[in-house]
> 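Have a look at the structure that comes next, please.
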Amino acid sequence: MALLLSQPHFSGPLLLLVVSNLLLWEKAASNLPCVAEEGGCWNPLLETFNSATQKAETLHNLADQLYVELYYNQFSSGQFWDFSSQIIRQDKTVVRAGSYCHSSLTNPPNTGVHINIEIASYLKTLINFVGSWISPLFHLVIELSATKDVPETILSKAKEIEENNRQILSDLRWILTKVSPAAEMTEEFPHWEYLSFLKSSDKNNKFLAMFNLSYCIDHDSKYILLQLRLLKCLITGKDC
């Protein structure tokens with residue numbers, strides 16, 4: 001069943017959108033699993049959405065903090081401000097690093113325009129979108145852990161970002177099995193082109209990879225949070 005998506009402002013336009021689409025999902029919503037407990041009903045699907053959304057909020061906050069800290073911490077500030085100057089001078093290599101994100105290869109829904117998409121397909125795309133960060137974040141933690149004089153504040157944020165992203169992916173996989181039990185999922189996580197830069201012994205290349213990663217995870221973490229909120233509303237009818 002196709003759903004109409006628009007920019008998720010969570011105000012009047014989205015509310016009208018959600019109301020209309022919830023009519024299509026009324027039957028599915030009424031059949032959501034509910035476990036009777038003392039004092040009420042516990043809905044595993046809703047709780048998983050709540051958990052994933054909380055993790056996405058943490059992910060976005062940490063990604064935003066990491067992006068700022070890499071600009072102002074002595075460990076990386078010199079290289080990052082140099083990259084910003086090179087962007088102003090239209091250095092093609094640095095411009096690409098500061099604007100292109102490999103996650104776009106998963107073809108995520110462009111919520112700025114009206115499109116038709118099935119819930120299962122929507123979830124699969126978001127799984128691949130979140131999954132595209134598994135390898136880059138894993139290797140970022142490894143490289144930072146092995147880098148001399150890396151500030152603990154930067155390393156700890158990188159570890160928390162990696163863990164939250166991994167857990168969100170796990171939650172999305174579980175949600176897909178409950179929303180569409182018969183759905184077949186082929187996970188295709190795009191390659192991060194700056195992985196070799198991150199592993200390089202060249203300091204400039206290593207920081208260019210961090211420059212790209214910090215910009216993109218900050219941008220993508222906001223997208224992940226918005227999509228989880230929208231999916232929660234469309235599937236469970238809660239927090240619309």
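Since we're looking at a predicted model, the values are computed, not measured.
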> Checking Ser214 now: which residues fulfil side-chain contact (heavy atoms from CB on, under 4.5 Å) with it, not counting sequence neighbours?
Tyr67, Leu70, Phe80
> Report, one line per pair, each donor and acceptor closer than 3.5 Å where one atom sits in a side chain of residues 164-172; sequence neighbours left out.
from   : atom 1 : to     : atom 2 : distance (Å)
Asn164 : ND2    : Glu160 : O      : 2.8
Asn165 : ND2    : Val130 : O      : 3.3
Arg166 : NE     : Glu163 : OE1    : 3.4
Arg166 : NH2    : Glu163 : OE1    : 2.5
Arg166 : NH2    : Glu163 : OE2    : 2.6
Gln167 : NE2    : Glu163 : OE2    : 2.5
Asp171 : OD2    : Lys55  : NZ     : 2.9

> Got a sec, which pairs hit salt bridge (charged side-chain N to carboxylate O under 4.0 Å, His left out) with one end in residues 80-97, sequence neighbours left out?
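Listed by first then second residue: Arg96-Glu193.
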> Would Tyr71 and Ser76 satisfy side-chain contact (heavy atoms from CB on, under 4.5 Å), going step by step from the backbone distance to the final call?
CA-CA 7 Å; Tyr71 262 100; Ser76 50; over 6 Å; no
> Could you list the residues that satisfy salt bridge (charged side-chain N to carboxylate O under 4.0 Å, His left out) with Glu162, not counting sequence neighbours?
none
> Given Lys238 and Asn43, is the side-chain hydrogen bond (donor to acceptor under 3.5 Å, both in side chains) satisfied, shown in steps?
CA-CA 12 Å; Lys238 301 295 183 180; Asn43 187 325; over 6 Å; no
> Tell me the salt bridge (charged side-chain N to carboxylate O under 4.0 Å, His left out) pairs involving residues 217-227, sequence neighbours left out?
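Output for this query is empty, none listed.
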> My understanding is that only residues two or more places apart in sequence, or in another chain, count here; which of them pass salt bridge (charged side-chain N to carboxylate O under 4.0 Å, His left out) with Lys206?
Glu143
> Regarding Arg229 and Asp239, does a basic nitrogen lie under 4.0 Å from an acidic carboxylate oxygen?
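Salt bridge between Arg229 and Asp239, a charged N being under 4.0 Å from a carboxylate O: no.
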> What residues, two or more places apart in sequence or in another chain, satisfy side chain to side chain donor-acceptor pair (under 3.5 Å) together with Tyr100?
none
> Any idea which heavy atoms bring Leu213 and Pro136 closest together, and the distance?
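Smallest heavy-atom distance, with atoms named: CD1-O, 3.7 Å.
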> Give me the other members of the hydrophobic cluster that Leu46 sits in, counting Ile, Leu, Val, Met, Phe, Trp and Tyr linked by side-chain heavy atoms under 4.5 Å, directly or via other members.
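ILVMFWY cluster around Leu46 holds nothing else.
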> What closest approach, in Å, do Asn107 and Thr125 show between heavy atoms, and which atom pair accounts for it?
O-CG2, 3.6 Å
> Does any N or O in the side chain of Thr236 come within less than 3.5 Å of the main-chain N or O of Cys233, such that one atom is a donor and the other an acceptor?
no
> ring-ring contact (aromatic ring centres under 6.0 Å, His included) with Phe207: which residues, sequence neighbours excluded?
Phe75
> Taking the side chain from Asn128 and the backbone from Glu188, do they hold a donor-acceptor pair closer than 3.5 Å?
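Checked: pair present.
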> What orientation do His102 and Trp192 show, parallel under 30°, tilted 30 to 60°, or perpendicular over 60°?
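Tilted: the ring planes of His102 and Trp192 meet at 30° to 60°.
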> Write down the atom of Ala120, the atom of Leu176, and the distance for their closest heavy-atom approach.
O-CD1, 4.1 Å
> Using links of under 4.5 Å between side-chain heavy atoms of ILVMFWY residues, direct or through other members, which residues join Phe138 in one cluster?
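In the cluster with Phe138 are Ile142.
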> Strictly below 4.0 Å, N to O, side chains only: are Glu187 and Lys124 in salt-bridge contact?
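Salt bridge: no.
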> Could you tell me which non-hydrogen atom of Leu228 sits nearest to which non-hydrogen atom of Ala56, and how far apart they are?
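Heavy atoms only, the tightest pair is CD1-CB, 3.7 Å.
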> Going only through I, L, V, M, F, W and Y residues with side-chain contacts under 4.5 Å, is there a path from Leu140 to Val150?
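Yes, it is one cluster - the side chains of Leu140 and Val150 are joined through contacts under 4.5 Å.
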> Minimum heavy-atom separation for Tyr223 and Leu126, please, with both atom names.
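Answer, listing the atom of Tyr223 first, then Leu126: CE2-CD1, 4.4 Å.
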> Minimum heavy-atom separation for Tyr194 and Thr93, please, with both atom names.
OH-O, 4.2 Å
> Identify, with sequence neighbours excluded, every residue that meets side chain to side chain donor-acceptor pair (under 3.5 Å) alongside Ser135.
none
> Apply side-chain contact (heavy atoms from CB on, under 4.5 Å) to Asp202 and list each qualifying residue two or more places apart in sequence or on a separate chain.
Ser200, Asn204, Asn205
